[in-house]
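Counting begins at 1 with the first residue of the sequence.
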Amino acid sequence: QVQLVESGGGLVQAGGSLRLSCAASGRAFSTYTMGWFRQAPGKEREFVACISVSGGRTLYADSVKGRFTISRDNAKNTVSLQMNSLKPEDTAVYYCAADRSSTMSTILRRYDYWGQGTQVTVSS
């Protein structure tokens, strides 16, 4: 069992930056693929980024590629999402997720554990 707790959300102006963090409990963190998803009001939850077990491979949604960077620290059981050049359309609740299979995936249902989410609001 893994518990995930996100932090770092907030209100920022368009063009600004935020850094989200996700702290994970449990000893198996370093064996999980980790991902970030987001859900805007009235929309389905969507994939943002994921990172491999070692941190050597990453995947991004086209909408955030070049602006967001996912990273992880297996020694500290944390995964982060650096978000730059934020746009109003990035406004959403951002969720951290863990996939026990260790296979990188953009598919929501592949992830086994979820955090409670942190709100990101980008004003124009």
Side-chain angles (χ1 to χ4, degrees):
Q1 188 74 13
V2 173
Q3 291 185 329
L4 304 172
V5 179
E6 302 96 336
S7 62
L11 174 64
V12 64
Q13 289 187 333
S17 298
L18 280 175
R19 185 176 180 85
L20 305 183
S21 293
C22 174
S25 66
R27 300 178 180 178
F29 173 82
S30 61
T31 67
Y32 297 159
T33 293
M34 297 300 297
W36 285 96
F37 290 76
R38 67 186 182 187
Q39 188 166 16
K43 295 187 177 180
E44 294 185 352
R45 196 171 297 187
E46 65 177 7
F47 169 78
V48 175
C50 66
I51 188 166
S52 64
V53 167
S54 69
R57 290 180 296 145
T58 56
L59 289 174
Y60 296 94
D62 287 344
S63 58
V64 306
K65 200 171 294 184
R67 300 187 298 122
F68 290 10
T69 303
I70 188 171
S71 60
R72 68 187 296 163
D73 185 335
N74 287 340
K76 296 182 178 179
N77 278 20
T78 58
V79 60
S80 299
L81 186 69
Q82 177 67 42
M83 305 185 297
N84 298 329
S85 302
L86 283 161
K87 304 175 181 180
E89 51 263 44
D90 295 317
T91 295
V93 177
Y94 283 71
Y95 297 90
C96 173
D99 177 0
R100 291 178 300 180
S101 74
S102 77
T103 301
M104 296 180 70
S105 175
T106 65
I107 301 173
L108 185 150
R109 64 177 181 272
R110 290 288 303 273
Y111 287 78
D112 303 289
Y113 305 108
W114 293 84
Q116 293 300 306
T118 185
Q119 177 70 47
V120 172
T121 303
V122 184
S123 63
S124 57

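With rounding to the nearest 0.5 Å, the separation of CZ in R45 from CZ in R38 is 13.0 Å. Note: S124 OG to K87 NZ = 14.0 Å, rounded to the nearest 0.5 Å. D112 CG to S101 OG: the interatomic distance, rounded to the nearest 0.5 Å, is 7.0 Å. Here the straight-line distance linking atom OG1 of T121 with atom CG of L11 works out to 6.0 Å at 0.5 Å rounding.
Using a 4.5 Å cut-off on side-chain heavy atoms (C-beta onward), D99 and Y32 make no contact. You'll find the side chain of T69 stays beyond 4.5 Å of the side chain of L81, heavy atoms only. Contact check for R100 versus V2: no side-chain heavy atoms found under the 4.5 Å cut-off. Between M83 and R67, every side-chain heavy-atom pair lies at or beyond the 4.5 Å cut-off. Using a 4.5 Å heavy-atom threshold, the side chains of V79 and W36 count as touching. Looking only at side-chain heavy atoms (C-beta outward), L4 and M34 come within less than 4.5 Å of each other.
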Point to revise | Intermediate values then yes/no, salt bridge (Lys or Arg N to Asp or Glu O under 4.0 Å), K65 and D62 | key: CA-CA 5 Å; K65 200 171 294 184; D62 287 344; 3.2 Å; yes
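Residues T58 and I51 share a closest heavy-atom pair of CG2-CG1, 3.8 Å. The two residues Q119 and A92 make their nearest non-hydrogen contact at NE2-O, 3.5 Å. In terms of heavy-atom proximity, V53 sits nearest to S30 at CG1-O, 2.6 Å. The two residues T91 and V122 have their closest heavy-atom pair at OG1-N, 2.9 Å. In terms of heavy atoms, A49 sits closest to Y60 at CB-CD2, 3.6 Å.
Using the six-membered ring where Trp is involved, F68 and Y94 have ring planes that are tilted, between 30° and 60° apart. Using cut-offs of 30° and 60° for the angle between ring planes, the Y95 and W114 rings count as perpendicular.
F37 and V93 end up in the same hydrophobic cluster when Ile, Leu, Val, Met, Phe, Trp and Tyr side chains are linked at under 4.5 Å.
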Validation: residues 15-25 side-chain donor-acceptor distances under 3.5 Å, sequence neighbours left out:
from: S17; atom 1: OG; to: N84; atom 2: OD1; distance (Å): 2.9
from: R19; atom 1: NH1; to: Q82; atom 2: OE1; distance (Å): 3.2
from: S25; atom 1: OG; to: Q3; atom 2: N; distance (Å): 3.0

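Within the cation-pi definition used here (under 6.0 Å to the ring centroid, within 45° of the axis), R72 qualifies as a partner of F29.
With F47 as the fixed residue, the side-chain contact (heavy atoms from CB on, under 4.5 Å) test singles out one of V64, L108, T106: T106.
Using a distance-only test at 3.5 Å, with no hydrogens or angles considered, a donor-acceptor pair links the side chain of E6 to the main chain of Q116.
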